[in-house]
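Worksheet for the structure shown next.
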Amino acid sequence: PLRLVGSEMCIRDRYKLVMTYGDIKSEQSLNVLSDPRLNVSQKSIDEVYNSSKVLESYMSKASDAVKQLLESKASLAEYQKLFKNDKSEEIKNLTKEMKDHTKTLDSLIALYIGKEDKRQGIVRNPENTVMTRLYAASMYVGSRQNGISETEKNLMKHAKEELESTLIKTNKFFENFKNFLNRTVATSAIPIGIPGWPEFASSTASKERNLTALAKSLCFIFKSIPI
C-alpha cells in the first residue's frame, strides 16, 4: 500500500491524476505498484487497506462529534451573553444550567481528545482517549506488511468500543439537553429586548417566545450522532 503524508492509503492499481489551476486542467494516468523488494500477497494488501478504511470511518465520526460539541459550546456561550442583562430568578437558573452543560461539554470533548495539558517538554499522557486509541490502531495497521494480526484486531476492537461508548454518552447529553429546553420553554413572561435579533421579541415579548427561539436555533446543533 502507498500512503502520502496527509493522504489516504491507496493500493496498487491504475489511477488518474487531475491537477487544476484556475481554468487550466491537466490529467495524467499513473500506475501504483507494490515494492518489488517485498513479497506481499494481495490478500495482505487488501486486509491492511480495508482495515485502514474502517479506521478512517471511525476517525470521521469522532471528528464530527468533536466539531458538534465545540459548536454547541460556542452556541451556549452566545446565548448566555444574550440573557446576561436579565436578572430574573428564572434566567439566573437558566444561565446556571447552561454553565453546567458547558462543563459537561468540556468533559465530553476530553473523552475524545483529552484534557488541555499545559505541561512543557516531553511528557507522558496516561489517559486513553478515543483519538489515542484510534491513532495507535492506525499506526499498527499501517505498518503491517503481511496482513492484519491479532494485535491490530484487538487495537481496532478497543478503539471501536471506546468510540461507541463515548458516542452513547454524547448522544445522551444531547437528549438530556433537549429535555432541559422543553422544561424551560413553558415559563412566564419576561421583558427582554435584543436589537438586531429579530427572533427575540421586544421588551413586551414573553419568555416562552424567547426560549422557543433558543430551542429552535439549537436543535440543529444538538442532534444525535449515528453510532
Side-chain angles (χ1 to χ4, degrees), residues 1-19 28-71 104-175 223-227:
L2 172 69
R3 186 195 298 273
L4 300 177
V5 176
S7 67
E8 295 184 3
M9 179 181 292
C10 64
I11 57 177
R12 58 188 182 191
D13 203 343
R14 185 173 179 81
Y15 296 88
K16 182 170 72 172
L17 176 66
V18 180
M19 300 184 68
Q28 178 67 49
S29 296
L30 70 155
N31 290 323
V32 174
L33 304 175
S34 296
D35 191 333
R37 298 169 297 177
L38 302 176
N39 183 21
V40 182
S41 68
Q42 186 62 44
K43 179 177 179 295
S44 296
I45 292 175
D46 291 341
E47 281 185 353
V48 173
Y49 178 78
N50 292 333
S51 296
S52 296
K53 299 305 288 185
V54 169
L55 288 171
E56 283 176 14
S57 70
Y58 294 165
M59 288 275 193
S60 179
K61 282 188 178 182
S63 177
D64 289 343
V66 171
K67 180 181 178 181
Q68 183 172 312
L69 289 167
L70 290 172
E71 290 175 348
T104 303
L105 284 166
D106 286 332
S107 299
L108 288 170
I109 292 170
L111 293 178
Y112 289 96
I113 61 177
K115 298 178 181 179
E116 182 180 3
D117 193 343
K118 296 183 180 180
R119 295 176 296 174
Q120 297 183 354
I122 300 175
V123 296
R124 178 176 179 268
N125 182 10
E127 296 180 357
N128 278 322
T129 66
V130 172
M131 296 311 294
T132 57
R133 288 195 181 277
L134 287 173
Y135 283 142
S138 181
M139 181 181 67
Y140 271 81
V141 167
S143 68
R144 298 298 297 175
Q145 297 294 336
N146 298 309
I148 302 301
S149 69
E150 286 301 315
T151 298
E152 289 73 49
K153 291 178 181 178
N154 286 330
L155 287 172
M156 291 181 66
K157 176 176 177 289
H158 294 320
K160 180 183 179 182
E161 290 173 349
E162 189 84 25
L163 174 61
E164 288 180 341
S165 66
T166 306
L167 285 175
I168 288 172
K169 293 175 184 177
T170 302
N171 289 334
K172 184 177 180 180
F173 165 77
F174 288 141
E175 190 59 38
K223 59 182 182 298
S224 296
I225 303 170
I227 298 175

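Bear in mind the structure is a predicted one, so any value in this text is a computation, not a measurement.
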Closest contact, heavy atoms only, [X] versus [Y]:
X: S44; Y: N146; result: OG-C, 3.4 Å
X: R144; Y: V48; result: O-CG2, 3.7 Å
X: A137; Y: M156; result: CB-N, 4.1 Å
X: R133; Y: N128; result: NH2-ND2, 3.3 Å
X: I113; Y: M131; result: CG2-CG, 3.9 Å
X: Y112; Y: A65; result: OH-CB, 3.5 Å

Report the distance from atom [atom1] of [X] to atom [atom2] of [Y], rounding to the nearest 0.5 Å.
X: N154; Y: E152; atom1: CG; atom2: CD; result: 9.0 Å
X: S51; Y: D46; atom1: OG; atom2: CG; result: 10.5 Å
X: K67; Y: I109; atom1: NZ; atom2: CD1; result: 14.0 Å
X: E162; Y: T132; atom1: CD; atom2: OG1; result: 7.0 Å
X: I148; Y: E47; atom1: CD1; atom2: CD; result: 6.0 Å
X: K172; Y: L108; atom1: NZ; atom2: CG; result: 11.0 Å

- Around atom CD of Q28, are there more than 12 heavy atoms of other residues, nucleotides or ligands at under 6.0 Å? no
Looking at residues at least two apart in the chain, or sitting in another chain, which of them share a side-chain contact (heavy atoms from CB on, under 4.5 Å) with [X]?
X: K16; answer: V18, E27
X: T151; answer: Y140, S149, L155
X: R14; answer: S29, N31

Contacts of [X] that satisfy side chain to side chain donor-acceptor pair (under 3.5 Å) - sequence neighbours left out:
X: N39; value: none
X: N50; value: none
X: S107; value: none

- Item | Residues K153 and E150 bridged, charged N to O under 4.0 Å |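 Answer for the salt bridge query: yes.
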- Task: Take Y135 and M139 through the side chain to side chain contact (heavy atoms under 4.5 Å, CB included) test and state the conclusion after the steps.
- Result: CA-CA 6 Å; Y135 283 142; M139 181 181 67; over 6 Å; no
- Message: Run T129 and L111 through side chain to side chain contact (heavy atoms under 4.5 Å, CB included) and show every step you take.
- Response: CA-CA 5 Å; T129 66; L111 293 178; over 6 Å; no
- Hey, does the side chain of T170 reach the backbone of T166 with a donor-acceptor pair shorter than 3.5 angstrom?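 Indeed, once roles are kept as given, a pair shorter than 3.5 Å links the two residues.
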